[in-house]
Every structure is written in C-alpha cells, then in structure tokens.
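Read the structure below first, then the notes.
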2 protein chains.
Amino acid sequence: MFNFDFYNPTHIVFGKDRLAELDTLVPKEAKVLITYGGGSAVRSGLIDRVTTALGNRKVEQFGGIEPNPSLETCERAVAFIKENGVDFVLAVGGGSVVDATKLIVMGATYDGPVIEVMKAGVPEVPVEMVPNPLPFGTVMTLPATGSEMNNGAVITYGDGKFPVFSSLVFPKFSMLDPTLTFTLPEKQVKNGVIDTFVHTTEQYLTYPVEGRIQDRFSEGILKTMIEIGKETVENPENYDIRANHVWASTLALNGLIGAGVPQDWATHLIGHELTAAYHLDHGITLAIVLPALLEVKKADKLEKLAQYATRVWHITEGTPEEKADKAIVKTREFFESLGVSTHLKDYGLGTEAIDKIVKQLENHGMVKLGEKRDITLEVTREILTRAL
Amino acid sequence: MFNFDFYNPTHIVFGKDRLAELDTLVPKEAKVLITYGGGSAVRSGLIDRVTTALGNRKVEQFGGIEPNPSLETCERAVAFIKENGVDFVLAVGGGSVVDATKLIVMGATYDGPVIEVMKAGVPEVPVEMVPNPLPFGTVMTLPATGSEMNNGAVITYGDGKFPVFSSLVFPKFSMLDPTLTFTLPEKQVKNGVIDTFVHTTEQYLTYPVEGRIQDRFSEGILKTMIEIGKETVENPENYDIRANHVWASTLALNGLIGAGVPQDWATHLIGHELTAAYHLDHGITLAIVLPALLEVKKADKLEKLAQYATRVWHITEGTPEEKADKAIVKTREFFESLGVSTHLKDYGLGTEAIDKIVKQLENHGMVKLGEKRDITLEVTREILTRAL
C-alpha cells in the first residue's frame with residue numbers, strides 16, 4: 001500500500017425531507033447566493049423551496065451555469081459577488097454547478113482575474129494565493145460526479161478542460177436527497193451511472209499494491225452499480241435504488257477508494273477531449289473510451305483485470321487473460337445495456353476524430369497518461385482505433 | 001436506507017516514515033502535551049522521536065494512561081493542563097490513550113468537574129457546555145478501536161463504562177504508521193483483529209434496509225480481516241498485511257459503514273460489563289459474546305446472517321437457517337484460530353458470572369439492547385448461558 005493522506009471535512013446530509021435543515025446549516029446572518037444551472041431547478045420549484053428554507057436571509061440567485069461549465073460563466077458570477085457582497089454560496093444542481101461554484105468561491109476573494117486561479121489549479125491552488133474562499137454548501141440534484149464531497153472541479157476554457165483543486169474548497173455540507181433526483185432526464189441518469197462506474201475503475205483497474213480494503217470498497221461500488229444501474233434508469237422513483245446510486249456516486253470520488261493505491265484517469269482525460277471536440281456527454285465519452293482502453297492495456301492491468309473478473313463479474317474459469325477478456329466484454333455490455341453505445345461510429349465519428357483528439361491531447365500536454373504514464377499519443381491512437 | 005448524517009474531518013496521515021511531518025501538523029507556536037500509556041512508548045524510543053519531531057516547541061508529558069482509561073486519570077491530566085497551560089495535545093498510543101485524551105481536551109476547557117462532562121456524553125456533550133475543547137492529534141501504535149478517526153470515547157468509572165461523544169473531539173489529524181505497531185504484544189494484536197471484526201458486525205449483522213453500499217463495505221472489511229487476521233498476528237512485521245489491518249481498523253468505526261443502517265452494539269455493551277467485572281481484555285469479551293449472541297438472535301438477524309454466510313464465508317448451500325448456523329460456527333472458529341477462546345469457562349467463569357453481569361447491566365440501565373431494543377436482561381442471560 002502506498003503512503004497517503006485522507007482528509008474530507010464535508011458534512012453529508014443524506015435522505016428525504018431534509019431541505020428545512022438548510023436553516024441550521026447555512027450561517028444565520030449570511031447573505032446567500034444560490035447558484036444553479038438551467039431552468040429545471042426553477043421550474044421544478046426547487047429554487048423556491050430552497051429560498052423558503054433559508055428564511056429571512058437575504059438571497060441572491062445566479063443561474064445559467066452550463067454543463068461543462070465555462071470560465072466565462074464563473075467570471076460573471078465572481079463579478080456579481082464582488083458587486084453585491086455575498087457571504088455564503090449555495091450550489092443547487094449537479095456536478096457542473098458545484099464545479100463552477102468551487103472556482104467562483106475562490107475567484108470571489110481573489111484580487112485578480114479568475115483565469116489565474118483556474119490556471120493555478122494543479123496540483124492545487126496555493127493556499128497563500130486564495131487563503132479565504134467563500135464558504136459554500138450544495139443541494140444535489142444529479143448523482144454522478146462526486147463533486148459534492150471533494151475538492152476538485154473541471155472548468156472548460158476554449159477547447160480545453162482545466163482541473164482545479166484546492167484543499168479549501170470542500171463543500172461545508174452537501175444535502176443529498178434522492179427524491180430531488182427523481183425528475184432527472186433519463187439520459188443524465190445513464191450518464192451518472194457510467195460516471196460513477198468509471199470513477200471507480202480509474203482508481204481500481206491499475207496494478208496491485210496490496211490495497212485490500214480499497215479494492216474491496218471499489219468492488220463494492222462496482223457490484224452495486226451493476227445491480228442497480230438498469231433499475232435506477234428505468235424506475236427513477238424507486239427510492240432505495242436511487243439512494244444507493246446517490247451514495248455510490250459520492251463515495252466513488254471522495255478520495256477514499258483512491259487513497260494509497262495507483263490511479264489511472266486516462267479514460268477521463270481522453271474523454272474530456274471528445275466532449276470538447278464533439279460535445280458528447282461526459283458519460284458517453286467514458287463508455288466509449290474505457291472498454292477500448294482496457295483492451296489495449298490488458299497486459300499491464302492483467303492482475304487487476306483478472307481480479308475484477310472474478311470478484312465483480314463472478315468469472316471463475318479460464319486463464320487470467322481469458323478472464324480479463326470476458327470482464328472487458330461484460331463491462332461493454334453493461335454500458336450498452338443502459339442504452340449507451342460504446343463505439344465512436346454510433347455517434348457519427350470516424351478516423352478523422354482520432355487525428356483530432358490526438359492533436360488536442362498533444363496541444364494540452366496530455367502526452368503521457370495512465371497509472372504508469374505510458375499511454376503516449378500513439379497508445380491513445382490505438383485506443384481510439386479500437387473504439388471506432 | 002435510513003436518513004443519515006456523515007461528518008468526519010480528521011486528517012489521516014498514513015504510512016511509513018512520516019513522523020517528521022508532525023512539525024507541520026502541530027501548530028507552530030503551540031505548547032504541546034504528549035499523552036501516553038504505559039512505559040513501552042518511552043522504552044521503544046517513540047516518545048523521544050515524537051518530541052524531536054516537534055522541534056523547538058515546548059513539550060510536556062503525561063503518561064500512565066491505563067487500558068480502559070479511568071475518569072480519575074483524566075482528572076489528573078486536566079489538572080495538569082489547567083496548571084501548566086497547554087495549547088495542543090498529542091495522544092501517542094492506542095485507543096485507550098486517545099479515548100482518555102478526548103475527555104481530557106474537553107475537561108481542560110470546562111469550568112467544573114470533569115465527571116460532569118463525562119456524564120453529559122450521551123448522545124453527546126452539548127456544544128454550549130464545552131464549546132472549545134483543546135485541539136489534539138494522535139500518533140497511533142495499536143490498530144483496534146477506531147478512536148483515531150471518530151468522536152467517541154469510553155471512560156471507566158467505578159464498575160461502569162461511560163461512552164462520551166462530542167462533535168468537537170475528532171482528532172485534527174491521526175498519524176497511522178503501521179511500522180509503529182510492529183512491536184505490540186501478540187495479545188494486543190489478536191484483540192485488535194477481533195475488535196475491528198466486531199465493530200463491523202455490530203453495524204452489519206442486523207436487518208436489511210437496502211444499504212447496499214454499506215453492506216459491501218462492511219463485507220469488504222470482514223473479508224479482509226479474515227484474510228489477514230492470522231498473518232498480522234504471526235508475522236507482525238509484514239508491512240502490507242499490517243497496513244491493511246491498520247486501515248481496516250480505522251474504517252470499521254469512523255462512521256462510514258454505519259451511516260444509514262441499523263446498529264446493534266449489544267456485544268460491546270455486554271462485553272464492557274465482563275471487562276469491568278473480571279478485567280478480561282475487551283477483545284476477549286467480544287469473542288465470547290458475539291457467537292453466543294448470534295446464536296440466540298438468529299431468527300431476528302436471519303436475512304443478514306444468510307447474506308454474511310454467502311458473501312463473506314462463501315457458504316452457498318442450504319437454507320437460510322443452515323447458512324446462518326454455518327456462518328456462526330465459522331465466526332467462532334475464526335476467533336479461536338487466533339488463539340482466543342470464545343467460552344467463559346476457559347477464563348474460569350461459570351454461572352455465577354452470568355448473575356453478576358446481568359445485575360450489572362440492570363444497575364447501568366442496560367435493559368434493552370440491540371438494533372431492535374429487544375435484548376432484555378432475560379435474553380442477555382440466555383446469551384451468556386450459551387457462552388459458558
């Protein structure tokens with residue numbers, strides 16, 4: 001097991017009928033800015049209910065945060081805060097709203113352009129650069145990204161995606177009420193299932209380092225998502241199924257399963273370029289890239305793939321190679337069973353897309369990906385060819 | 001799944017060779033009190049190494065915290081702090097030292113007798129009673145209790161054990177270096193394995209509530225402890241095995257696996273009385289009580305026992321009752337395989353002990369235990385009779 005640090009101070013408030021508790025979770029005297037995305041949070045009445053729960057507090061709103069939130073949107077929110085004076089931000093929505101809010105709360109207390117904070121985001125925004133981001137909480141409506149219980153964000157700028165981390169932007173609290181996710185469009189639920197699944201494989205399908213507990217926890221999330229994936233898509237109002245989906249999504253990316261073990265993330269980084277280039281949903285890009293990546297990297301990931309086959313898919317027969325092959329097929333079938341195609345051609349993309357993505361990765365300096373930093377541009381080309 | 005809150009802000013610093021980082025973890029200007037237990041931490045040189053890592057800080061020591069730490073010991077430490085002025089406490093040892101330290105840091109800022117804080121400990125010490133406990137961190141030498149990453153303590157006073165909770169006594173950090181546990185007496189390692197195992201079963205072997213993720217995580221800890229239990233006892237310097245033992249111990253009682261699911265704790269509460277009456281090690285009392293309790297409560301716990309049989313022990317044949325029976329036998333055999341007897345008679349105790357323990361439970365108001373509050377004194381008598 002590798003040495004590691006684990007720190008996660010977000011207070012999770014999980015379950016039904018808890019919106020009224022916002023009154024005790026948000027500081028009493030705070031002037032609050034509610035950040036949100038499209039109009040659905042307004043139309044569903046959620047923004048009104050949140051505002052009611054905040055009682056006599058002065059409340060402002062900033063809507064229109066888009067999927068794959070842009071730097072420009074964050075800049076507008078920061079300008080609004082600097083003009084109006086806000087003490088606490090409450091993000092209401094999914095991962096995009098929460099990601100944007102993380103950059104917004106840093107930008108709001110930074111005496112300079114927001115782009116400087118964004119560009120300082122890896123490995124993390126220096127504490128001395130932004131020592132006092134505004135505090136914020138979240139009310140989640142989409143189980144997928146895990147942003148509600150971590151300190152990372154992904155911001156879109158031009159044709160690039162910029163990860164931003166800071167030890168100071170964990171949400172103070174995240175309210176996870178599964179019923180608030182019941183009205184999500186089916187497409188977003190599918191994407192959420194795949195995102196949770198692939199967050200887990202990024203931290204699990206690498207090479208063994210005797211992280212027995214981490215492996216068991218990852219396998220637990222994967223098995224649960226396989227059990228409930230179809231059901232949470234087809235019966236969105238099955239509370240218990242959705243509750244497990246929500247909690248799995250949070251635990252897949254709150255730092256726990258990745259503590260002390262190698263991490264890959266190549267599927268995400270290649271997927272990000274597909275989203276930037278062709279506006280494919282994030283979940284779809286992961287479903288396209290992961291099976292192809294596992295096929296190409298089978299030899300390097302063999303021990304973990306065979307373990308995955310046995311423990312997650314109950315494949316007990318065959319050589320490690322045969323088990324790995326079967327597990328990769330099962331993974332692809334799982335995504336397809338949700339109605340998400342795993343081939344580029346099904347999204348109207350051919351070999352020209354490969355050239356474009358490889359070029360973008362080169363432009364963005366993403367030339368050595370994966371847990372061993374051996375996914376070069378040539379390997380990526382092979383992965384994308386497999387994904388055609 | 002039940003509604004739940006999960007909040008755990010302790011910073012885990014896990015791995016080898018990290019003692020020097022105490023210099024960045026402890027506030028620069030702090031006057032530090034090191035709390036510890038018996039002389040082994042001194043003899044091994046650990047206290048010296050910790051003091052060295054603290055550099056130029058003024059450091060005081062308070063040793064002699066006993067297993068099952070007493071109120072009186074905590075009172076002496078509080079008096080010392082009030083007299084000498086201390087800004088930060090660093091607990092070096094196992095769960096007993098950390099438990100005592102939690103009451104000490106509260107007592108040190110409470111303007112009244114420490115016993116009042118202890119007696120206010122359930123469900124938790126009111127924040128307005130002790131709003132500013134001293135901050136503290138831990139350097140763990142014993143993987144067992146989970147106290148390094150939770151906000152609870154158990155304090156002994158007279159013939160009773162008093163749980164004490166406060167949302168303000170999570171350690172600021174806990175340094176978990178598996179190598180610091182290599183020199184533990186074998187008996188303590190065995191006890192630690194059993195303690196970790198039974199912490200998990202207390203939160204798992206109840207009744208199903210669709211806590212799929214929680215179940216998978218609990219099963220992951222149990223399977224890991226079964227895999228490594230004998231090895232961590234017999235080959236204490238196998239780093240990876242011990243690292244998994246340490247991390248499993250922490251995760252078994254940091255609030256995660258119990259969030260949103262029913263909890264039992266009868267084994268612990270009955271076990272505490274055995275320790276108070278006969279000075280049996282905590283781990284031994286759990287090994288005595290758990291199998292007997294599972295036998296007596298088999299019908300109520302049947303669904304989870306059958307799941308435990310299948311998923312943890314790979315028992316796939318038979319009726320649920322037969323699976324449950326086999327799993328209980330396996331559990332008993334596991335404890336015995338560590339060299340820990342699971343019968344009262346092997347510790348020189350007979351029926352007279354049953355009367356005494358039942359009387360003690362009555363005196364302490366422990367008359368309805370378990371996840372359904374249906375373990376009455378009569379049921380406890382039956383459990384202890386099975387444990388003879």
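Keep in mind it's a predicted model, so treat the numbers as computed, not measured. Below, chain A is the first sequence line, B the second, and so on; all start at residue 1.
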Exercise. Considering only heavy atoms and a distance below 4.5 Å, find which of Phe217(A), Tyr7(A), Phe173(A) pairs most often with chain B.
Key: Phe217(A)
Exercise. Apply side-chain contact (heavy atoms from CB on, under 4.5 Å) to Ile221(B) and Ile213(A), showing your working.
Key: CA-CA 6 Å; Ile221(B) 294 173; Ile213(A) 292 284; 4.2 Å; yes
Quiz item: Nearest 0.5 Å, what's the CZ-NZ distance between Arg216(A) and Lys223(B)?
Solution: 4.5 Å
Quiz item: What part of Leu251(A) is in contact with chain B, defined as an atom under 4.5 angstrom from a non-hydrogen atom: side chain, backbone, both or neither?
Solution: side chain
Quiz item: So with a 6.0 Å cut-off around CD of Glu303(B), is the heavy-atom count from everything else above 12?
Solution: no
Quiz item: Any donor-acceptor pair under 3.5 Å linking the side chain of Asp240(A) with the backbone of Met1(B)?
Solution: yes
Practice problem: Check each atom of Tyr239(B) against the heavy atoms of chain A and say whether the ones under 4.5 Å are side chain, backbone, both or neither. | Solution: side chain
Quiz item: So, the side chain of Asp5(B) versus the backbone of Val13(A): is there a donor-acceptor pair under 3.5 Å, distance only?
Solution: no
Quiz item: In this structure, are over 12 heavy atoms from other groups packed under 6.0 Å from Glu21(B) atom CD?
Solution: yes
Self-check item: Region of Phe170(A) in contact with chain B, defined by heavy-atom distances below 4.5 Å
Solution: neither
Quiz item: When rounded to the nearest 0.5 angstrom, what distance separates CG in Leu256(B) from CG in Asn254(A)?
Solution: 8.0 Å
Exercise. Kindly determine whether Asp215(B) and Thr224(A) satisfy side-chain contact (heavy atoms from CB on, under 4.5 Å), including the steps that lead there.
Key: CA-CA 10 Å; Asp215(B) 282 1; Thr224(A) 300; over 6 Å; no
Self-check item: Worked verdict on Phe6(A) versus Thr10(B) for side-chain contact (heavy atoms from CB on, under 4.5 Å)
Solution: CA-CA 8 Å; Phe6(A) 178 76; Thr10(B) 299; over 6 Å; no
Quiz item: Between NZ of Lys16(A) and CZ of Phe2(B), what distance do you get to the nearest 0.5 Å?
Solution: 11.5 Å
Self-check item: Under 3.5 Å: donor-acceptor pair, side chain of Arg212(A), backbone of Ile228(B)
Solution: no
Exercise. Look at Pro178(A), Ala248(A), Gly260(A) and state which one has the largest set of heavy-atom pairs under 4.5 Å with chain B.
Key: Ala248(A)
Quiz item: Stepwise, does the side-chain contact (heavy atoms from CB on, under 4.5 Å) test hold for Gln214(A) with Trp247(B)?
Solution: CA-CA 9 Å; Gln214(A) 295 91 328; Trp247(B) 192 215; 4.0 Å; yes
Quiz item: Taking everything shown except Arg49(B) itself, do over 12 heavy atoms lie less than 6.0 Å from its CZ?
Solution: no
Quiz item: Between Asn244(B) (side chain) and Gly211(A) (backbone), is there a donor-acceptor pair under 3.5 Å?
Solution: no
